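Only this structure's heavy atoms are used, side chains among them; waters, hydrogens and symmetry mates stay out. All figures in this text were calculated on a predicted structure; none of them were measured in a lab. Here is how names work: the chains are called A, B, and so on, in the same order as the sequence lines, proteins then strands, and each is numbered from 1.
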Amino acid sequence: MTTAKNIEKELWGSREMTLLETLDRVLDKGVVISGDVVISLANVDLIYLGLKLMLSSVETMERLRGGALTGPEQEPA
Amino acid sequence: MDHLSENLIYVYGVVGTKPHPGDLGKWPFSLYSLHGQGTHAIVQKVSAQEFREESLKKRLTDMTWVEERVRRHEGILEDVMQKTSVVPFKFPAIFENEENVIKFLSQQKEEFKRMIRYLQGKEEWGLKVYCDLEKLRESLEGDDPRIRKIDSEMADAGKGRAFFLRKKKIDLVTNIMDEEIAAYTKDSFERLSRFCVESRINKILPRELTRKFGDMVLNAAFLVKKKRIGGFFQILEYLKSKYTAKGISFDVTGPWPAYNFCSIDPLNNHAGKDS
């Protein structure tokens, strides 16, 4: 994970990109391949199913939110 | 060689110029590139044991495995992105062998070349907008003339009428809040979109994942020219000043590889831009 590079960006983009943000992109977006050249395709539904099963665990939820992440505009209570 | 040491090829993304070994970042495994008619795929050999269909399905329910692989996928693309425009692949993109990757690159060369050119000098930024409903409600109850009108009616009303008015007020406040949130998100999205090359709205994420920040009211991605990023932040500053008092907060992340702006359709080979 990288943090934003310059001062101005740090005002906005300095929070760590959480795992959730990454999953949101990497699992659902980007180039999709299919056809006979492909050996296997991830079933995204499986991942979200796994995620939902995990959601009952508070620990996982915290991890998905990035733990130390502060709220968008507020400091943590 | 036994079955377990068989390798498959994992593709992270595609670039337009052959990367130098240093460009691929420092990782405890071998990243390299494959060339196919003018574009290069950033690849890694992975074990069939891990990535063959059946075992992959199992792995995908293992959050620890998914997290590690996904962070790696993103990390590598971020490294590559520092040097050159990269078309990111969805996780995971697995090919039987190098030959098939090269074949794929050749088949899709026009699409990839077009996409690489399009993404040059641009980066993706994500925006999630949240609303603290209590704060919004308070702000509206203080300001909105329609609500104040009902309040003053209630002050003069008898018990029965007051009860009826209280219910009416609840409905009114709910409707007004919905209207206001819709107006704020529309305004925010449009102002930012006008400034960007391309933008898109994505699904709101499940409440369980975002409760800490309030209700998510907008989930959007923007493709911005790198040299204009200052202007993008200025618009965000403006929106922040306009809407913070209403309980709105803006969660901005970036720069990302352009996941939201690089869909190609390998089967039909459409040249259209993503929405």
Side-chain angles (χ1 to χ4, degrees), chain A residues 1-6 8-9 11-57 59-65 69-74 76-77, chain B residues 8 11 13-14 51-53 56-57 60-63 66-67 70-71 73-75 78 87-96 100-101 103-104 125-126 128 130 202 205-206 208-210 212-214 229-230 233 236 240 244 249-257 259-260 262-264 266-267:
Chain A
M1 300 288 115
T2 61
T3 53
K5 304 279 183 278
N6 60 44
E8 196 178 22
K9 282 186 187 177
L11 292 175
W12 286 101
S14 65
R15 47 193 66 83
E16 194 189 31
M17 292 181 206
T18 65
L19 175 61
L20 180 57
E21 290 275 1
T22 306
L23 285 168
D24 195 22
R25 285 176 166 75
V26 157
L27 297 180
D28 202 27
K29 306 283 179 333
V31 172
V32 178
I33 50 170
S34 58
D36 56 7
V37 290
V38 183
I39 182 67
S40 63
L41 255 174
N43 184 342
V44 174
D45 292 340
L46 256 181
I47 299 174
Y48 283 121
L49 178 64
L51 263 180
K52 279 184 198 152
L53 290 173
M54 300 281 173
L55 282 179
S56 51
S57 148
E59 192 198 315
T60 306
M61 282 172 75
E62 282 304 308
R63 225 222 243 121
L64 284 174
R65 290 186 202 125
L69 184 76
T70 60
E73 290 300 319
Q74 307 103 20
Chain B
L8 299 170
V11 179
V14 171
F51 281 95
R52 281 235 175 258
E53 189 121 30
L56 180 61
K57 278 185 184 157
L60 291 174
T61 59
D62 173 0
M63 205 52 216
V66 171
E67 176 174 353
V70 157
R71 283 194 188 278
H73 189 96
E74 171 61 20
E78 285 182 10
V87 182
F89 273 44
K90 187 171 162 170
F91 169 87
I94 310 293
F95 289 77
E96 184 85 57
N100 281 359
V101 176
K103 183 172 158 194
F104 182 70
W125 282 77
K128 288 172 165 63
Y130 296 89
N202 290 318
L205 298 183
E208 311 89 79
L209 298 176
T210 65
K212 183 170 160 181
F213 304 140
I229 195 69
F233 294 138
L236 283 167
K240 188 177 150 190
T244 299
S249 51
F250 298 89
D251 183 22
V252 181
T253 57
W256 295 93
Y259 291 102
N260 276 282
C262 67
S263 80
I264 65 176
L267 296 180

Walk me through it: do Glu74(B) and Arg25(A) pass the test salt bridge (charged side-chain N to carboxylate O under 4.0 Å, His left out)?
-> CA-CA 9 Å; Glu74(B) 171 61 20; Arg25(A) 285 176 166 75; over 6 Å; no
Of all heavy-atom pairs between Lys128(B) and Glu21(A), which one has the smallest distance, and what is that distance?
-> NZ-OE1, 3.0 Å
For Gly30(A) and Cys262(B), work out which heavy atoms get closest and say how close.
-> CA-SG, 3.8 Å
Minimum side-chain heavy-atom gap Trp256(B)-Thr22(A) below 4.5 Å = yes
